[in-house]
Amino acid sequence: MTVINLVNRWPETQARLARWALLLSWLTLFAILLRPELAPAYRSTVCADSGLCRPGIGNDLFWNIGLPLVILAVMLSHELWRRICPLSFVSQLFRALGWQRTVLNRAGKAQVASVSESSWLARHHIQLQWSLLIGGLSLRLLIANSDGLILAILFAAALLAALISGWAYGGKTFCQYLCPFAPAQQILSGPRSLLSSQAHIGSTSKTTQSMCRTVGTQGQDISTCVACAKPCFDIDAERSYWQNLRGKRGMSWAWYSYPGLILAFFLLMQSYAPAATSGPELDYIGSHLFAYDGRLAAMAWQSMLPAGWPELPRIIAVPALLSAGGIASERLFHQIEQLQVRQIQAASSELAQEQAIHRTRLLATFAAINTYFFASGGPLGSFELHLLIMGFSSIWLYRSWDRNRGLYERESTSTSLRKRLAKLGADLQPLLAGRQLDDLSPAEVFVLANALPVQETSQRRSIYLDVLRDLISQGRLERLGSLKALSDLRNTLGLDDNDHQSALEILSSEDERLTSLSADELAGLTLCRNAAAQELSDLMLLSGTTVLYPNKLDAYGLERLARIQTESGLDDISWDALLSEFGEGSEFVERQLKQRLEIINQALARRKSLEDLSKRLPLAAPLVLSLERDIARFIPDLVGLMQSTLAATGEESPSDECLDLLRNLSPNVLSFLTNEDDATSAIKNWLVGRPASTLPTVQQTMLRPEAGMVLEELWLHSNANVALWSLMVLRQLDSARAQQLRQMPRTGLPMSETLTAFLEGEQLASREILMAIADHSLIRRLEPGLLLSLNSLCSLETWRQGDPIDRPGCGVLVLLSGRCSLRQSLVPGSAPKTLSDYGPGAIVGLADYFSDIEPAKKGRLVAAENRCIGLMFNRSGFNKLLDLSPIFEQSLIRELAVKCESLQQSLLAERQNRQHQRMRDQNDARQSE
């Protein structure tokens with residue numbers, strides 16, 4: 001862990017020194033290749049009595065020491081090598097000098113050129129790089145193994161390509177799209193190298209792993225990322241791995257072919273061994289004779305096949321056999337992948353396929369690493385080192401074997417959740433039991449979020465909104481797939497799919513690009529913006545100011561400001577928004593407040609349309625409740641923005657527009673906010689003693705949408721039960737439009753079993769109950785999801801006149817139609833006495849339910865009319881009904897309160913009547929005396 005931290009926190013100033021040292025060493029090797037006499041006169045021991053060898057040690061140093069060390073470094077920590085690679089260093093030269101090629105963007109402003117995602121290079125770079133690798137391996141076998149001049153020419157070509165690509169395009173274009181060794185680095189690293197850091201967990205730095213960076217005014221690391229590749233292997237290797245696991249053109253073939261290429265390469269190299277060195281005491285590869293062999297150029301035109309076979313020159317045979325080795329390896333590991341798919345049967349087919357690809361790639365990497373080091377020989381090819389490397393690779397394989405995309409996404413979510421929980425400060429300390437938030441594992445962070453006080457629902461929604469914003473804006477989460485990806489977090493926070501939909505609407509109102517840009521585009525925008533923000537902060541440090549005034553910058557400051565904008569590639573809107581954050585004041589909160597007001601006003605207009613519809617079509621009433629619940633989800637966030645605005649302006653009360661909106665909220669919306677202590681308290685404080693405005697409110701002037709249009713919108717609601725209910729209502733209103741709506745797919749939205757069954761023409765499980773209460777006042781108190789699941793909470797019963805009605809212990813009867821009576825017979829054989837009489841709409845047994853004590857039976861409940869219909873709840877079913885429907889619970893409490901008040905008034909009137917009667921009797925007695 002210490003090594004990982006050292007690599008991850010290695011300052012850029014020290015990394016620069018290491019790059020310079022490595023580049024100078026490489027240039028020294030370059031000189032030795034051109035002038036062998038500059039190096040000590042050393043040759044392989046096999047060459048002592050052989051006339052086969054060339055002079056010079058340069059090839060030996062590179063092939064047998066330099067290259068194995070690079071591969072070993074990548075295997076242990078890819079980010080270490082990516083930060084010190086000389087070719088990467090050279091490719092950044094023109095960026096450091098500010099001489100990169102620029103092009104005009106859509107706004108006509110200059111920006112550094114970048115590789116377009118739709119270009120041929122972006123789509124086919126893996127095939128290009130792998131072809132260059134196979135070509136390089138072929139050229140090495142044919143001549144470059146021992147020819148210093150050829151190897152020096154290859155070095156020069158690589159340096160020139162890095163230099164030109166660094167001028168032509170921004171970022172690490174050479175590393176991402178042109179370097180032949182780049183795909184091999186991804187293969188050797190897998191989801192993460194053995195000692196590499198995890199960019200998605202606990203990283204407090206904005207410059208993760210090996211991403212592009214420079215040194216700031218105070219020696220700090222500053223990101224210079226221009227999002228040249230999305231996702232980027234240098235920023236988060238594991239994210240790049242999972243996102244490119246399927247669908248990355250050419251990567252699967254390259255990965256599976258790599259072990260075969262390595263094995264075929266060393267077999268072909270061994271085929272060059274002269275007959276004199278074929279004995280057991282000599283080893284052509286292990287003795288390094290291949291690095292001095294002077295016969296290679298001449299052998300390129302010789303046939304590789306034995307005498308009597310057709311002529312097949314090595315210049316043709318070598319690349320053909322290398323490719324054949326790659327093809328055979330690819331086929332072998334493809335079969336292993338299919339075997340893995342068949343073995344992983346417990347998970348879904350999609351998960352099994354992805355997990356099989358992951359594990360097969362791990363096996364291919366394990367085979368490639370160990371094949372290379374066991375076959376290469378030399379100083380780094382000792383048996384002890386082989387065992388050590390096998391041990392390292394086995395640990396890497398074991399650690400990565402059970403990882404999957406879901407685990408990575410959960411860990412990534414925990415990082416965003418940890419950042420949000422940290423804002424709670426002292427309120428969080430009692431739950432940490434003396435530990436620090438940074439010390440918690442990802443699983444413990446979710447447990448901590450679950451331990452938040454239940455009554456802080458607004459806080460939970462705010463946490464979820466911040467996490468969702470963080471993940472989407474960074475491109476770690478696709479908007480359409482976010483509902484499924486964050487289901488665990490919603491369960492942890494006690495939220496539902498509707499809360500997710502509300503959060504998405506809030507984010508869309510903040511920045512509409514969240515809905516128009518893909519995850520990769522958002523990731524690129526965030527990276528460029530963060531890099532530009534760090535550069536602007538550094539510019540302000542250099543200027544010695546705390547506020548950025550572009551018109552007050554000197555010539556150097558203006559030049560650097562223009563350069564930051566050019567290199568960032570940000571559009572005018574993003575650039576202006578970024579500058580405003582460094583300005584004297586920011587209108588961001590005010591803009592957010594206006595957006596929230598607009599969203600809620602539109603929702604209120606839709607609610608009013610459905611409320612008018614429900615007066616003539618009671619079936620629409622549950623949808624009014626659903627809209628009111630949606631509105632309630634926006635209120636805590638709106639109240640928080642109002643409080644932030646008041647704190648910034650020093651005012652005591654929100655604007656009239658805000659107060660009018662809060663004043664016009666229906667009682668049901670406030671009922672849904674009963675657990676939102678902060679929000680409800682603030683609303684009450686603002687509205688107490690403030691008269692309503694005489695001017696028309698926004699809701700009064702806003703054009704209300706047609707009810708049918710609102711129902712069509714609700715078909716795409718995140719709650720499948722709301723979608724089904726809207727379809728049922730629309731069928732009553734306009735059957736033709738409902739039929740068309742049934743054909744409209746709910747792409748990316750959940751489908752419940754009830755909705756699926758309805759669309760397939762099956763009967764609803766609770767259809768009989770729904771028809772029974774269609775015109776009953778109960779339907780106005782329950783939401784669609786609860787109505788559709790009533791059959792699991794109660795039973796629909798029908799009685800004839802005189803039939804006994806048996807309630808379960810402490811159960812409740814909701815009478816839908818007909819009448820029933822509680823009767824008692826005082827004397828056997830006499831007529832029964834009616835204790836209580838209940839009509840349609842009555843709720844029988846509430847006293848027993850609330851007391852939780854089953855009283856002694858004083859009478860018998862019987863049906864007083866034919867076809868007496870009611871819903872029979874046992875205690876647990878009615879308890880669940882009250883838990884799921886705060887509107888029904890509060891209306892029930894109000895009814896009980898009214899009855900209690902009426903009963904109290906009746907008792908008081910009766911008491912007064914008795915007192916009056918007693919006084920009259922006393923007066924009559926006095927008069928008679």
Indicate yes or no for a side-chain donor-acceptor contact from [X] to the backbone of [Y] under 3.5 Å, with no hydrogens or angles considered.
X: Arg35; Y: Leu33; value: no
X: Thr371; Y: Pro259; value: no
X: Ser252; Y: Lys248; value: no
X: Ser119; Y: Val115; value: no
X: Arg295; Y: Tyr272; value: yes
X: Glu535; Y: Ile564; value: no
X: Asn59; Y: Leu151; value: no
X: Ser271; Y: Leu268; value: yes

Salt bridge [X]-[Y], side-chain N to carboxylate O under 4.0 Å:
X: Arg403; Y: Glu238; answer: yes
X: Glu12; Y: Arg19; answer: yes
X: Arg140; Y: Asp147; answer: no

Do the side-chain N and O atoms of [X] and [Y] include a donor-acceptor pair separated by under 3.5 angstrom?
X: Tyr408; Y: Arg192; answer: no
X: Asp293; Y: Tyr284; answer: yes
X: Ser197; Y: Glu79; answer: yes
X: Ser138; Y: Arg314; answer: no
X: Ser393; Y: Asn370; answer: yes
X: Asp236; Y: Gln198; answer: no
X: Asp60; Y: Tyr292; answer: yes

Note, [X] side chain near [Y] side chain (heavy atom, < 4.5 Å):
X: Phe374; Y: Ile389; result: no
X: Phe392; Y: Leu387; result: no
X: Asn64; Y: Ser376; result: no
X: Met75; Y: Leu72; result: yes
X: Asn404; Y: Leu407; result: yes
X: Leu22; Y: Trp81; result: yes
X: Arg82; Y: Ser88; result: no
X: Glu337; Y: Arg359; result: no

According to ring pair (Phe, Tyr, Trp, His ring centres under 6.0 Å), who are the partners of [X], at least two apart in sequence or on a separate chain?
X: Phe174; answer: none
X: Phe155; answer: Trp26, Phe62
X: Tyr372; answer: Phe266

Between Thr214 and Arg16, is the side-chain hydrogen bond (donor to acceptor under 3.5 Å, both in side chains) condition met? List the steps.
CA-CA 9 Å; Thr214 187; Arg16 282 184 174 181; 3.0 Å; yes

Atom pairs and distances, side-chain donor-acceptor, residues 156-171, under 3.5 Å, sequence neighbours left out:
| unit_1 | atom_1 | unit_2 | atom_2 | d |
| --- | --- | --- | --- | --- |
| Ser165 | OG | Ala161 | O | 2.9 |
| Ser165 | OG | Ala162 | O | 3.1 |
| Trp167 | NE1 | Trp99 | O | 3.4 |

[X] versus [Y], closest heavy-atom pair with distance:
X: Gln111; Y: Gly569; answer: OE1-O, 3.7 Å
X: Pro180; Y: Leu132; answer: CG-CB, 3.8 Å
X: Thr207; Y: Ile222; answer: CG2-C, 4.1 Å

[atom1]/[X] to [atom2]/[Y] distance, rounded to the nearest 0.5 angstrom?
X: Ser196; Y: Trp396; atom1: OG; atom2: CH2; answer: 11.0 Å
X: Leu194; Y: Ser77; atom1: CG; atom2: OG; answer: 9.5 Å
X: Leu522; Y: Glu478; atom1: CG; atom2: CD; answer: 8.5 Å
X: Ser114; Y: Arg101; atom1: OG; atom2: CZ; answer: 9.0 Å
X: Gln565; Y: Leu536; atom1: CD; atom2: CG; answer: 10.0 Å
X: His288; Y: Leu61; atom1: NE2; atom2: CG; answer: 10.0 Å

Audit row: Asn244, Gln186, side-chain hydrogen bond (donor to acceptor under 3.5 Å, both in side chains) steps and yes/no
CA-CA 11 Å; Asn244 293 331; Gln186 297 184 46; 4.8 Å; no

Kindly write out the residues that satisfy side chain to side chain contact (heavy atoms under 4.5 Å, CB included) with [X], not counting sequence neighbours, or none if the list is empty.
X: Leu17; result: none
X: Ile187; result: Trp130, Trp255, Tyr258, Thr365
X: Ser189; result: Val74, His78, Ser193, Phe233
X: Leu34; result: Phe30, Leu149, Ala152

Which residues pass the side chain to side chain donor-acceptor pair (under 3.5 Å) test with [X], not counting sequence neighbours?
X: Tyr241; result: His358
X: Glu117; result: Lys230
X: Gln176; result: Asp234
X: Arg563; result: Glu567

Examine Phe290 together with Trp63 and report whether their ring centres are nearer than 6.0 Å.
no

Are more than 12 heavy atoms, taken from residues, nucleotides or ligands other than Trp401, located less than 6.0 Å from that residue's CH2 atom?
yes

For the pair Gln353 and Arg246, evaluate side-chain contact (heavy atoms from CB on, under 4.5 Å) and give the outcome as yes or no after the intermediate values.
CA-CA 10 Å; Gln353 180 71 31; Arg246 304 172 70 176; 3.6 Å; yes

Could you give me the CA-CA distance, side-chain angles and deciding distance for Leu332 and Tyr256, then say whether side-chain contact (heavy atoms from CB on, under 4.5 Å) is met?
CA-CA 8 Å; Leu332 172 63; Tyr256 289 170; over 6 Å; no

